[in-house]
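In what follows, a single structure is set out as structure tokens and then discussed.
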Amino acid sequence: MLATAAVLVAVLVEMAVFLPTPAFAAPDRCGWLPAAIRLARSVESTADPQAAGIREQLRALGVAPDTPVPADCGPRPRPDAALPEGGTVVCGKTESAPTPSGDYEVQNNVWGSDEPQCVRIFDTGFEVLDADHDDNGGVAAYPSIWSGCWHGTCTDRTALPKPVAELGEVTSSWAVRIPDDQVRWNAAYDLWFSPTASTTGEDGTELMIWLDHEDVAPIGEPTATATIGGIDWAVWTGSNGGVQVISYVAVDGLRRVVDLPLHDFMADAIARDALEPDWSLACVQAGFEPWSKGAGLATTAFEVTGVTL
């Protein structure tokens with residue numbers, strides 16, 4: 001095993017030599033960094049001269065056992081993963097249905113348009129069908145997948161709503177596919193908080209995390225910047241119908257995140273007086289806000305941890 005590991009480290013070192021920028025800033029860091037971190041952890045306590053050499057070479061790369069994997073790096077599934085065939089199709093404006101596993105619920109949620117739209121639901125996500133929204137200057141819909149409680153519908157085995165102060169680590173992985181013909185859109189998490197532990201999810205703070213967007217902006221104004229999960233975010237704050245909204249917009253657009261620390265976004269929002277620690281998290285949603293078009297937008301993989309019983 002150690003001989004194989006040594007070969008892997010030699011390859012990593014050779015890659016680092018030819019990188020024009022520091023390893024962690026390299027555009028292809030996701031190709032080698034997670035494997036290097038796993039290797040560092042595997043040889044951390046091995047009392048072997050060869051293991052010691054491996055540890056030294058990894059330290060030269062800036063990799064240690066406690067080095068965090070950036071949230072935009074990680075294993076498959078990827079945004080370009082093939083979508084499963086079949087699945088449940090819902091077309092009602094407010095219609096939703098569970099994923100085959102029952103772990104998540106997917107909603108069509110056409111709240112800002114009279115144009116038709118459907119979503120096809122499979123176990124790892126969903127795909128938007130039959131949507132060709134006209135641009136009326138606002139959001140047409142929010143087709144999305146969620147864990148928790150939303151408008152009284154709760155997913156299986158959910159622990160939500162639950163006060164933020166009582167939550168442990170809450171993480172999420174998400175991969176999205178955006179067709180080239182999309183014009184105005186965003187791909188964003190939507191976390192809803194309630195001061196009354198409501199299962200409707202709309203009577204407190206709305207926290208959004210925008211992975212990517214085109215020609216649209218969040219509610220409010222940009223007020224700060226933050227680095228969370230190894231990713232740089234612009235922080236926007238505003239209000240919508242009396243609901244306080246705080247949005248984190250990725251400075252560089254993302255098509256996937258792996259183990260994104262949602263609890264760190266909550267802590268940051270509390271520090272900015274945008275959220276109260278005794279308010280309850282009602283649900284974690286992830287989806288798309290098309291201002292126009294919409295067909296072909298897809299979640300190829302989705303997972304939330306830390307919010308189930």
Side-chain angles (χ1 to χ4, degrees), residues 74-133 139-158 160 171-182 185-192 199 201 209 211-212 254-260 282-305 307-309:
R76 288 183 181 270
R78 301 178 63 92
D80 56 0
L83 299 180
E85 296 181 358
T88 301
V89 175
V90 298
C91 298
K93 290 173 72 74
T94 61
E95 191 176 0
S96 70
T99 60
S101 68
D103 292 336
Y104 305 105
E105 188 88 3
V106 174
Q107 62 177 342
N108 199 26
N109 199 12
V110 186
W111 63 269
S113 171
D114 292 325
E115 301 294 326
Q117 174 182 291
C118 298
V119 292
R120 181 173 66 89
I121 303 166
F122 40 89
D123 208 34
T124 60
F126 66 93
E127 178 185 19
V128 179
L129 307 174
D130 305 326
D132 190 17
H133 297 294
V139 176
Y142 183 56
S144 49
I145 187 169
W146 89 75
S147 178
C149 297
W150 177 244
H151 286 188
T153 298
C154 299
T155 54
D156 289 350
R157 299 182 299 279
T158 185
L160 305 180
T171 66
S172 180
S173 300
W174 184 27
V176 302
R177 179 180 298 174
I178 313 293
D180 291 338
D181 66 348
Q182 298 302 299
W185 54 271
N186 69 42
Y189 284 93
D190 216 353
L191 280 63
W192 290 91
T199 59
I209 304 169
L211 299 195
D212 204 357
L254 307 169
R255 288 294 189 270
R256 68 168 179 169
V257 288
V258 177
D259 295 332
L260 188 68
C283 71
V284 176
Q285 303 176 336
F288 309 96
E289 290 185 320
W291 268 250
S292 63
K293 297 183 178 294
L297 294 167
T299 286
T300 62
F302 178 73
E303 181 183 38
V304 181
T305 66
V307 294
T308 54
L309 297 173

Considering only heavy atoms from C-beta outward, does the side chain of [X] approach that of [Y] to under 4.5 Å?
X      : Y      : value
Trp185 : Lys293 : no
Val284 : Leu191 : yes
Val89  : Val119 : no
Gln285 : Trp150 : yes
Val257 : Leu211 : yes

Checklist entry - Is there any disulfide bond (SG atoms under 2.5 Å apart) pair reaching into residues 83-118, and which pairs are they, with sequence neighbours excluded? => result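 Pairs touching residues 83-118 that pass the test: Cys91-Cys118.
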Checklist entry - If you measure only the distance, is there a donor-acceptor pair under 3.5 Å linking the side chains of Trp146 and Thr155? => result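 Not at all, the side chains of Trp146 and Thr155 share no donor-acceptor pair under 3.5 Å.
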Checklist entry - Would Thr171 and Thr305 count as having a side-chain donor-acceptor pair, cut-off 3.5 Å? => result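 Thr171 vs Thr305: donor-acceptor pair found between side chains.
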Checklist entry - Which residue pairs satisfy the side-chain hydrogen bond (donor to acceptor under 3.5 Å, both in side chains) criterion with at least one member in residues 85-98, sequence neighbours excluded? => result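 Matches after skipping sequence neighbours: Ser96-Glu105.
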Side chain to side chain donor-acceptor pair (under 3.5 Å) partners of [X], counting only residues at least two apart:
X      : answer
Ser113 : His133
Asn108 : Gln117
Glu289 : Asn186
Ser292 : none

Next on the checklist: Using the disulfide bond (SG atoms under 2.5 Å apart) criterion, which residues pair with Cys149? Sequence neighbours excluded.
Outcome noted: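 Disulfide bond (SG atoms under 2.5 Å apart) list for Cys149, sorted by chain: Cys154.
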Distance check, rounded to the nearest 0.5 Å: [X] atom [atom1] versus [Y] atom [atom2]?
X      : Y      : atom1 : atom2 : value
Leu160 : Thr199 : CG    : OG1   : 11.5 Å
Leu309 : Arg157 : CG    : CZ    : 9.0 Å
Thr299 : Leu297 : OG1   : CG    : 9.0 Å
Thr99  : Tyr104 : OG1   : OH    : 8.0 Å
Asp103 : Asp123 : CG    : CG    : 7.0 Å
Gln107 : Ile121 : CD    : CD1   : 10.0 Å

Please report the closest heavy-atom contact between [X] and [Y], naming both atoms and the distance.
X      : Y      : value
Pro290 : Ala141 : CD-O, 3.3 Å
Thr300 : Val176 : OG1-N, 4.4 Å
Ala282 : Gly201 : CB-CA, 3.8 Å

Item to check | Listed partners of Trp291 passing ring pair (Phe, Tyr, Trp, His ring centres under 6.0 Å), at least two apart | outcome: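 For Trp291 there are no ring pair (Phe, Tyr, Trp, His ring centres under 6.0 Å) partners, ignoring immediate neighbours.
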Item to check | Result of checking Val90, Val106, Asp130, Leu83 against Arg120 for side-chain contact (heavy atoms from CB on, under 4.5 Å) | outcome: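 Among Val90, Val106, Asp130, Leu83, the one meeting side-chain contact (heavy atoms from CB on, under 4.5 Å) with Arg120 is Leu83.
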Checklist entry - With sequence neighbours excluded, what pairs up with Glu303 under the salt bridge (charged side-chain N to carboxylate O under 4.0 Å, His left out) test? => result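 Salt bridge (charged side-chain N to carboxylate O under 4.0 Å, His left out) check on Glu303 returns nothing, list empty.
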Next on the checklist: Test of understanding: with salt bridge (charged side-chain N to carboxylate O under 4.0 Å, His left out), list the residues that count as partners of Asp190, not counting sequence neighbours.
Outcome noted: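 Expected list: none.
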Checklist entry - Would you say Asp114 has more than 12 foreign heavy atoms packed within less than 6.0 Å of its CG? => result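 It does not: Asp114 CG has 12 such atoms or fewer within range.
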Checklist entry - Tell me the ring pair (Phe, Tyr, Trp, His ring centres under 6.0 Å) pairs involving residues 108-132, sequence neighbours left out? => result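 Every ring pair (Phe, Tyr, Trp, His ring centres under 6.0 Å) pair that includes a residue of residues 108-132, provided the two are not neighbours, is Phe126-Phe288.
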Checklist entry - What residues, two or more places apart in sequence or in another chain, satisfy side-chain contact (heavy atoms from CB on, under 4.5 Å) together with Ser172? => result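 Ser172 satisfies side-chain contact (heavy atoms from CB on, under 4.5 Å) with Tyr189, Leu262, Phe302, Val304 only.
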Checklist entry - Does any N or O in the side chain of Ser144 come within less than 3.5 Å of the main-chain N or O of Tyr142, such that one atom is a donor and the other an acceptor? => result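 Yes, Ser144 side chain to Tyr142 backbone: donor-acceptor pair under 3.5 Å.
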